[in-house]
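What follows is a short report on a single structure.
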Amino acid sequence: MKPNLRPANPSFSSGPCAKRPGWTLEALKGALLGRSHRAKPGRAKLKEVVDRSRAILGMPKDWRLAIVPASDTGAVEMALWSLLGARGVDLLAWEVFGEGWATDVEKQLKLKDLRVLRAPYGQIPDLATVDWDRDVVFPWNGTTSGAKIPNGDWIKSDRKGLAICDATSAVFAMDLPWAKLDVVTWSWQKVLGGEAAHGMLALSPRAVERLETYKPAWPLPKIFRLTSKGKFAEGIFQEETINTPSMLAVEDAIDGLKWAEGIGGLAGLRRRSEANLAAITAWVAKTKWIEFLVADPKIRSSTSVCLKVTDPWFLALAPDAQRAQIKRIEALLDAEGVAYDIAGHRDAPPGLRIWCGSTVETSDVEALLPWLDWAFAEIRRAAAA
Ligand SMILES: Cc1ncc(COP(=O)(O)O)c(C=O)c1O
């Protein structure tokens, strides 16, 4: 039987993620369109994004924060290309995005003194094996496996290397230990439901010091350059963006930040995401055909919740056939207008991925769950027919 109730918002994609509750195009009516981002009111808008982000996140005063091109990827690449090479590098990879940074450092930067510390899907590498004399690159939350770093206890306070953290699917939903980090990056289209294309790059004083004392051996395109004539390019971190941002996307980012303030800031955002995970946890506990991809609750993400089908019929299928069945679940729920984009990432083991970031309403997650049971019963029945 089809459930009666549908989620009010069927957007469960892991990026771009659901807009904040109540969002309409009206939210953009104050956008500074057709004006220069370098004019006084344009700069004020950019500063508003930076200042509100810093305040909500409790970022230390001596950190720099900039809006940069090319989304989270742009921010991470700027950091990798500008900072790495001064020391050996430890890179943590347990899913698609960490692997992507590993490929970059190995094949593009061609760093010889590189260790990639890997873990299979559902786990994270042994954090005790990280060497803090080296620079360390890691995602805080592995979006495609749903495994996250549990805390900053493993990061040495007196480290010699830099802690370079891709936090795009963690920031605003999880606490980040700023004192233990040196570079933090994110985009707007994840936890706050903003628009894609722009990245945020946050640098600790130690990261700035590296920029001022180390020059990479490779050429840097303008879009990656964080120094000018050997000096730290402070202006980029004072709203003088490298190139032109979308003032429409900027307005939307401000809207998301104001919404976040209205629901209690970081604590409110975190509570919403954790409540969403709790709703799924209760359902998984009573549901036979499914489990979390991440067995250990300490490293289980509250934003990108990844699930694996454990039904014996499904497990007996070849991987391609499993993927095809997952696609059928996704298509059934899409056709019902119940859930969009919930198949796991194409490079992850076949399964479901349900975005549970802070813009997603717990009532919508709860409304979705009986539909998952329905869709699974449907594909099971079709396979038996
Ligand atoms: C952990 C992580 N890193 C990087 C990216 C790439 O982000 P963007 O598309 O904003 O460049 C994503 C996107 O989902 C991600 O989840």
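Everything quoted here is computed from the prediction, not taken from an experiment. Just follow the structure's listing: the first ligand is 1, and inside any ligand the first atom is 1.
Taking every heavy atom of S187 and a limit of under 4.0 angstrom, the matching atoms of ligand 1 come to 10 (O).
Of all the heavy atoms of D72, the ones lying under 4.0 Å from any atom of ligand 1 are found in both the backbone and the side chain.
Protein heavy atom in closest approach to atom 3 (N) of ligand 1: D166 OD2, 2.6 Å. Among all non-hydrogen protein atoms, the one lying nearest atom 10 (O) of ligand 1 is S71 OG, 2.4 Å. Annotation: atom 16 (O) of ligand 1 to nearest protein heavy atom, T143 OG1, 2.4 Å. In terms of protein heavy-atom proximity, atom 5 (C) of ligand 1 is nearest to F97 CE2, 3.3 Å. In this structure, atom 14 (O) of ligand 1 lies nearest to the protein heavy atom K190 NZ, 2.7 Å. Looking at atom 6 (C) of ligand 1, its nearest protein heavy atom turns out to be T73 OG1, 3.5 Å.
By the 4.0 Å N-to-carboxylate-O rule, D135 lies close enough to R210 to be salt-bridged with it.
Judged by distance alone, the side chains of S302 and S273 do bring a donor and an acceptor atom under 3.5 Å apart. Residues E26 and T24 have side chains that never bring a donor and an acceptor to within less than 3.5 angstrom of each other. Residues W355 and D341 bring no donor and acceptor atom of their side chains to less than 3.5 Å of each other. If you check the side chains of S204 and D182, you find a donor sitting under 3.5 Å from an acceptor.
Looking at ligand 1, you won't find any N or O of W101 less than 3.5 Å from one of its N or O atoms. Among the atoms of S169, none of the N or O lies under 3.5 angstrom from an N or O of ligand 1. Every N/O-N/O distance between S14 and ligand 1 stays at or above 3.5 Å.
Remark: distances from the non-hydrogen atoms of N141 to ligand 1 include one below 4.0 Å.
Partner of F138 under the ring-ring contact (aromatic ring centres under 6.0 Å, His included) criterion, chosen from W101, F97, W154: W154.
W188 and H198 have parallel rings, their planes meeting at less than 30° on a 0 to 90° scale where 60° marks the start of perpendicular.
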* Checking side-chain contact (heavy atoms from CB on, under 4.5 Å) for the pair E95/Y121: CA distance, chi angles, key distance, verdict? -> CA-CA 6 Å; E95 49 80 66; Y121 272 83; 3.7 Å; yes
